[in-house]
J.: 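Here it is, the structure in full.
To find a chain, count down the sequence lines: A is the first, B the second, and so on, and within it residues start at 1. Just so you know, these numbers come straight off a predicted model, no measurement behind them.
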Amino acid sequence: MEVRVRYAPSPTGFQHIGGVRTALFNYLFARANGGAFILRLEDTDRTRYADEYVQNLYDTFDWLGFKWDEGPDIGGKCAPYVQSQRFELYREHAEKLVAMGKAYYCFCDEDRLERIRKIQTVNKMAPGYDRHCRSLAPDEIKANLDAGKSFVIRLKIPLEGATAFHDLLLGDIEWKNEDVSPDPVLLKSDGFPTYHLANVVDDHFMRVTHVLRAQEWIPSTPMHVVMYEAFGWMHPEYCHLPMVMGSDGHKLSKRHGATSMNEFRNGGYLKEAVINYIGMLGASYEEGKDLFSLAEMEMLFRVDKLNKAPAVFDYKKLEWFNGQYIRLKTDAELYELIVPFLEKDGVVGHAPDGATKALLFGVMPLIKERLRYLTEVSGMVRFFFEEPAVPPLADLVPKKLDVSKTRAILARASELLESADLSNHESTEAAFRAAADELGVKLGDMLMPVRMAVTGTRVSPPLFESIRILGVEKARSRIGSAIAAF
RNA sequence: GUCUCCUUCGUCUAGAGGUUAGGACAGCGGGUUUUCAUCCCGCCAACAGGAGUUCGAUUCUCCUAGGAGAUACCA
């Protein structure tokens with residue numbers, strides 16, 4: 001039987017780490033098993049829904065480079081893949097369960113529900129519906145319906161016994177029926193299905209064979225199983241994925257730092273780093289190897305490689321992955337990645353001209369080893385495009401040296417640069433070293449004032465290369481400005 | 001509160017009934033070096049606790065503790 005899995009996000013927020021990870025694992029599972037990966041939009045929560053979230057979903061996965069085999073945008077044999085477009089199907093099936101005596105109309109309003117909740121809390125009882133309408137007489141139901149009273153449809157959870165299911169990762173899990181949520185709502189009063197109904201109906205009709213989802217769904221799995229049984233359907237295989245936690249051990253959320261993929265993308269992360277890191281969170285593929293491409297993970301993914309315990313999201317380790325992948329890029333690739341950030345920061349104009357591009361290509365090897373995030377690029381290369389402010393004296397003069405010495409260093413450096421062959425590192429460095437000796441200072445102390453004058457910062461790409469790319473004339477003029485400020 | 005799941009260095013993890021319990025990130029120290037990085041080397045650091053099974057348990061079983069998740073007309 002063909003393996004079919006799905007990622008079924010609800011467009012009620014921006015795509016975040018947790019969702020993307022669930023999507024990744026489903027995607028990998030499909031690829032590793034030669035199956036199909038389906039995207040389904042679960043837009044049944046009309047109060048939290050927004051179009052921009054749907055757009056964000058597409059943008060995010062487009063960026064990551066995930067492709068689904070069936071989905072709202074590309075169709076497929078089980079279309080439509082948007083739940084709001086399958087509206088009738090759910091209603092019909094909810095009614096069907098009522099007809100079969102497996103579900104019932106409930107006319108309890110918000111107030112009554114609120115009241116019983118209050119009583120339950122006061123009496124320290126487990127909160128939940130009291131099944132009041134489960135035993136309504138047929139004529140009572142008919143009267144309510146005829147009166148046009150608003151209703152929901154609730155699933156009858158068996159009052160006794162237990163419901164068990166097998167989890168591919170966790171093994172056998174059994175729940176006493178009395179501990180299953182008492183008669184969950186299937187169809188809301190607005191006619192929309194709840195997640196539970198829509199999920200089960202769609203997974204059935206879309207012939208989903210494996211449900212890989214976060215462990216927070218474990219408690220609702222028994223009610224899903226009850227529903228499948230009520231319908232007389234086989235339920236899919238379940239695999240509940242370990243959750244992603246923040247550093248405090250709680251479910252990862254905004255307060256732990258960036259969580260939405262937007263933030264990572266705008267924050268200068270590479271998709272390869274994010275995918276690699278997320279794919280390794282709660283899993284391992286091969287001892288002694290850390291870097292895995294998406295293609296490699298597609299080959300290697302197996303459920304028994306997953307860990308059962310929740311995993312803490314480590315931004316430091318992601319940062320390391322990011323640096324690794326930046327270093328793996330060719331100059332041309334890195335250039336493409338970096339330009340949007342330079343444009344955004346106003347370092348270069350839109351659609352850089354040939355000269356700018358050539359300059360940046362020259363700079364690429366200098367910054368590749370230094371970037372941790374693409375966002376850092378502007379700060380590193382700005383001095384190539386803009387005149388840095390003349391540094392204050394205090395920053396120009398190296399520790400232990402005085403003003404006149406520094407002035408002499410700058411003058412001498414400017415002189416050396418005039419005749420230096422900057423394409424030859426050794427000779428340039430040798431010349432500066434000799435000059436430093438002459439002046440009685442260390443090479444580092446000789447170069448730091450020059451660095452400050454030319455780049456405007458204490459930390460910069462290698463000086464000689466930078467000057468070569470910038471142009472000796474510009475460099476000397478900046479040194480001149482610094483001297484003039486004394 | 002109740003139910004369910006989970007438990008190897010700070011973090012992500014490998015591991016097997018007998019190992020000096022391995023790797024990676026972080027941290028610390030050192031080397032290379034014109035700054036910063038990169039790169040290289042080294043150090044620190046873990047089997048939650050208690051019973052049981054066994055010649056031998058970190059590994060198997062049970063209990064305890066701790067953690068997490070769920071307890072909605074949200075997913």
Side-chain angles (χ1 to χ4, degrees), chain A residues 8-13 19 42-45 47-48 106 108-110 113 117 120-121 123-129 150-154 167 169-171 173-176 178-182 184-190 192-196 198-199 213-222 240 242-243 245 247 249-251 277 280-284 286-291 307-321 323 327 366-372 380 425 428-429 432-433 436 442-448 450-452 455 457-464:
Chain A
S10 168
T12 53
E42 307 217 331
D43 57 344
T44 54
D45 182 351
T47 58
R48 294 194 301 157
C106 169
C108 295
D109 57 20
E110 207 61 57
L113 260 24
R117 208 159 2 216
Q120 283 162 339
T121 345
N123 296 338
K124 295 206 160 104
M125 288 157 61
Y129 183 54
S150 128
F151 66 88
V152 301
I153 290 178
R154 288 181 184 273
D167 186 286
L169 215 211
L170 270 14
I173 297 176
E174 185 177 284
W175 287 65
K176 290 204 259 326
E178 61 185 270
D179 293 325
V180 178
S181 171
V185 171
L186 262 25
L187 200 73
K188 307 181 214 176
S189 50
D190 63 2
F192 272 86
T194 58
Y195 164 83
H196 306 293
N199 192 263
R213 68 193 358 169
Q215 285 182 1
E216 60 193 354
W217 290 104
I218 292 176
S220 48
T221 304
H240 289 93
M243 310 228 314
M245 316 301 242
S247 48
H250 286 79
K251 229 166 113 169
Y277 178 62
M280 301 288 286
L281 235 203
S284 76
E286 194 180 314
E287 169 114 60
K289 184 172 150 117
D290 302 296
L291 266 29
N307 228 293
K308 296 179 184 183
V312 173
F313 194 92
D314 185 353
Y315 289 90
K316 276 286 181 192
K317 190 147 190 178
L318 210 209
E319 178 182 304
W320 177 80
F321 273 107
R327 259 149 250 144
L366 305 187
I367 60 173
K368 196 185 285 179
E369 307 296 309
R370 270 160 260 270
L371 288 173
R372 290 172 314 183
M380 275 181 201
H425 260 225
T428 308
E429 189 177 325
F432 271 81
R433 204 175 281 282
K442 288 195 285 196
L443 183 59
D445 284 339
M446 166 119 194
L447 292 178
M448 186 50 83
V450 180
R451 185 186 310 282
M452 280 304 303
T455 71
T457 57
R458 308 186 69 81
V459 176
S460 80
L463 231 205
F464 300 141

J.: Please enumerate all protein N or O atoms sitting under 3.5 Å from an N or O of nucleotides 29-34 of chain B, with distances to 0.1 Å.
T.:
residue	atom	partner	partner atom	Å
B:rU34	OP1	A:Glu429	OE2	2.5
B:rU34	OP1	A:Arg433	NH2	3.1
B:rU34	O2'	A:Arg451	NH2	3.3
B:rU34	O2	A:Arg451	NH2	2.6

J.: Given the C1' atoms of B:rC40 and B:rU32, what is the spacing between them in whole Å?
T.: 8 Å

J.: P atom, B:rA75 versus B:rA70: distance in rounded Å?
T.: 14 Å

J.: So which nucleotide from B:rC36, B:rU4, B:rC73 ends up closest to the side chain of A:Val459?
T.: B:rC36

J.: May I ask which nucleotide in the shown strands pairs with B:rU38, Watson-Crick or G-U wobble, both distances under 3.5 Å?
T.: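 When the pairing criteria are applied, nothing turns out to pair with B:rU38, so the answer is none.
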
J.: Could you give the distance separating B:rC39 and B:rU61 at their C1' atoms, to the nearest angstrom?
T.: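 Each nucleotide's C1' atom is 50 Å from the other's.
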
J.: Counting only side-chain nitrogens and oxygens, does A:Ser284 get under 4.0 Å of the OP1 or OP2 atom of B:rA14?
T.: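 Result: yes.
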
J.: State which residue, out of A:Cys108, A:Pro184, A:Cys106, fulfils the side-chain contact (heavy atoms from CB on, under 4.5 Å) condition with A:Val152.
T.: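 Going through A:Cys108, A:Pro184, A:Cys106 one by one, the side-chain contact (heavy atoms from CB on, under 4.5 Å) with A:Val152 is satisfied by A:Cys106 alone.
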
J.: Measure from the side chain of A:Pro219, starting at C-beta and using heavy atoms only, and say which of B:rC74, B:rG1, B:rG69 lies closest.
T.: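 Selected nucleotide: B:rG69.
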
J.: Applying the Watson-Crick and G-U wobble criteria at under 3.5 Å, what pairs with B:rC62? Answer none if nothing qualifies.
T.: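 For B:rC62, the partner nucleotide comes out as B:rG50, under the 3.5 Å rule.
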
J.: Could you give the distance separating B:rC43 and B:rA21 at their P atoms, to the nearest angstrom?
T.: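 These two P atoms come out 15 Å apart once rounded.
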
J.: Which whole number of Å gives the distance between the P atom of B:rG67 and that of B:rU11?
T.: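 The same atom, P, in both gives a distance of 14 Å.
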
J.: With rounding to whole Å, what would you report as the distance between B:rU7 and B:rG15 at their P atoms?
T.: 14 Å

J.: Quick one: look up who B:rC3 pairs with, Watson-Crick or G-U, both distances under 3.5 Å, and put none if it's unpaired.
T.: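 In the structure as shown, B:rC3 has B:rG69 as its Watson-Crick or wobble partner.
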
J.: When you compare B:rG10 with B:rA16, how far apart are their C1' atoms, in angstrom units rounded to a whole number?
T.: 26 Å

J.: Between B:rU35, B:rA75, B:rU7, which one does the side chain of A:Ser460 approach most closely?
T.: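 Out of B:rU35, B:rA75, B:rU7, the nucleotide with an atom closest to A:Ser460's side chain is B:rU35.
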
J.: Using atom names, set out every protein N or O paired with an N or O of nucleotides 9-11 of chain B below 3.5 Å, distance rounded to 0.1 Å.
T.:
none

J.: Side chain of A:Arg370 only, heavy atoms from C-beta on: which candidate in B:rA72, B:rA75, B:rA37 is closest?
T.: B:rA37

J.: How about A:Trp320 and A:Tyr315: are their ring centroids closer than 6.0 Å?
T.: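 That pair fails the under 6.0 Å test.
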
J.: Out of B:rU4, B:rC73, B:rG69, which has the shortest distance to the side chain of A:Met243?
T.: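 Minimum distance to the A:Met243 side chain belongs to B:rG69.
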
J.: Look at the side chain of A:Asn307 and decide which nucleotide, out of B:rG1, B:rU13, B:rA70, has an atom nearest to it.
T.: B:rU13

J.: Should B:rC25 form a Watson-Crick or G-U wobble pair with both distances under 3.5 Å, which nucleotide is its partner?
T.: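 Pair assignment: B:rC25 / B:rG10.
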
J.: Using a heavy-atom cut-off of under 4.0 Å over every strand shown, decide if A:Ala283 touches base, sugar-phosphate, or nothing.
T.: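 The answer is sugar-phosphate, as A:Ala283 gets under 4.0 Å only of primed atoms, P, OP1 or OP2.
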
J.: A:Trp320 has a side chain; which of B:rC25, B:rC73, B:rC5 sits nearest to it?
T.: B:rC25

J.: Both distances under 3.5 Å, Watson-Crick or G-U wobble: report the partner of B:rU20, or none.
T.: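 In the structure as shown, B:rU20 has no Watson-Crick or wobble partner.
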
J.: Which listed nucleotide (B:rG69, B:rC6, B:rA75) is nearest to the side chain of A:His250?
T.: B:rG69

J.: Let me see the working for A:Ile218 and A:Leu170 under side-chain contact (heavy atoms from CB on, under 4.5 Å), right down to the final yes or no.
T.: CA-CA 10 Å; A:Ile218 292 176; A:Leu170 270 14; 3.6 Å; yes

J.: Looking at every strand, decide which applies to A:Thr12 at a 4.0 Å heavy-atom threshold: base, sugar-phosphate, or nothing.
T.: nothing

J.: Counting only side-chain N and O atoms of A:Lys188, is one of them less than 4.0 Å from OP1 or OP2 of B:rC74?
T.: yes

J.: Compare the minimum distances between each of B:rG1, B:rU4, B:rU38 and the side chain of A:Arg327, then state the nucleotide with the smallest one.
T.: B:rU38

J.: Can you tell me how far P in B:rA37 sits from the matching atom in B:rG31, rounded to whole Å?
T.: 15 Å

J.: Please enumerate all protein N or O atoms sitting under 3.5 Å from an N or O of nucleotides 57-59 of chain B, with distances to 0.1 Å.
T.:
none

J.: Checking contacts here: which listed nucleotide (B:rU7, B:rA26, B:rG1) is nearest the side-chain heavy atoms of A:Ala309?
T.: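 So the side chain of A:Ala309 is nearest to B:rU7.
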
J.: Is the distance from OP1 or OP2 of B:rC73 to the nearest side-chain N or O of A:Arg154 less than 4.0 Å?
T.: yes

J.: Paired with B:rU32 by Watson-Crick or G-U wobble geometry, both distances under 3.5 Å: which nucleotide is it?
T.: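 Paired with no nucleotide.
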
